[in-house]
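Notes to accompany the following structure.
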Amino acid sequence: MAASRTRVAVLVSGRGSNMAALIEAAKAPGYPAEIALVVSNRPDAGALKTAADAGIETAVIDHKAFGSKADFEAAVAERIEAADITLICLAGFMRVLSASFVERFAGRIVNIHPSLLPSYKGLDTHERALADGVRLHGCSVHIVSAELDAGPIVMQAAVPVLSDDTPQTLAARVLRSEHVIYPRALAALADGSARLVDGKVLFDTQAAPAEPLIWPTIG
Ligand code: GAR
């Protein structure tokens, strides 16, 4: 009998390319998680059609329909609990979750953020990286804590910043790396090879590349 897979809800607000990467990865027979539910706070999110086309249950919980953030979050939490979800993946979910929501699902909410945290928390990460002239930028998968973009980091990917990059070209390069690490990080959390211990994420095994990532290369 196949081992049971970790049931995952993905929370989205927009186009959902990270959600699509998770859905695609979860099609593999050995993948340890299944995307059981997609929740959008926006009725017009492109992610909803992608998820429905993949046969995944979707729910729209429009934050504008609620009188308070607490009421909105209570509706989201109830929908997630009704679907017997173990892990929640935020994938371009553009509402900041309250401390009480985070506490309700402590250690079970994962986010992808388009920067090498702890640099560039918040919005406009690519613009700020370009303004600072950093040579390496990237993305981070982290466990969500009450403080915005500050929870334990699970996995990161670094990409070069090119001299002719615009926020759009840099965002596209980072996004491709997001699609690589989010499914890997979710798999590691779902199969237990990555675990939250004393506020840090520990991996069972790690194989570090021999060479550092150096950019720019010269000559
Ligand atoms: C992604 O780049 C994700 O990292 C970012 O929004 C984009 C969503 O794209 N998330 C945040 O900025 C969270 N603060 P997607 O809908 O195509 O996955």
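As the structure lists them, so they are numbered: ligands from 1, and atoms in each ligand from 1. The shown structure was predicted, so the numbers you read here are calculated from the model rather than taken from an experiment.
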Heteroatom proximity flag, Ser17 to ligand 1, N/O under 3.5 Å: yes
Glu178, any N or O under 3.5 Å of ligand 1 N or O: yes
Interfacing atoms of ligand 1 (cut-off 4.0 Å, heavy-atom, Leu175):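 Numbered from 1, ligand 1 contributes 2 (O).
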Check: Ser140 side chain, Ser115 main-chain N or O, donor-acceptor pair, under 3.5 Å: yes
Lys/Arg N to Asp/Glu carboxylate O, Lys49 vs Asp53, below 4.0 Å: yes
Shortest reach to atom 16 (O) of ligand 1 by a heavy atom, considering only Pro114, Gly16, Gly92: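 That would be Gly16.
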Residue, atom name and distance, where the atom is the protein heavy atom closest to atom 14 (N) of ligand 1: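 So the nearest neighbour among protein heavy atoms is His113 ND1, 3.8 Å.
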Residue, atom name and distance, where the atom is the protein heavy atom closest to atom 7 (C) of ligand 1: Arg15 NH2, 4.1 Å
Geometric class of the His142/His113 ring pair [parallel <30°, tilted 30-60°, perpendicular >60°]: perpendicular
Val60: which of Asp44, Val39, Leu48, Asn41 passes side-chain contact (heavy atoms from CB on, under 4.5 Å):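 When Asp44, Val39, Leu48, Asn41 are each tested with Val60, the side-chain contact (heavy atoms from CB on, under 4.5 Å) holds only for Leu48.
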Donor-acceptor contacts under 3.5 Å from residues 77-84 side chains, at least two apart:
residue: Arg79; atom: NH2; partner: Glu57; partner atom: OE2; Å: 2.3
residue: Glu81; atom: OE1; partner: Arg104; partner atom: NH2; Å: 2.9
residue: Glu81; atom: OE2; partner: Arg104; partner atom: NE; Å: 3.1

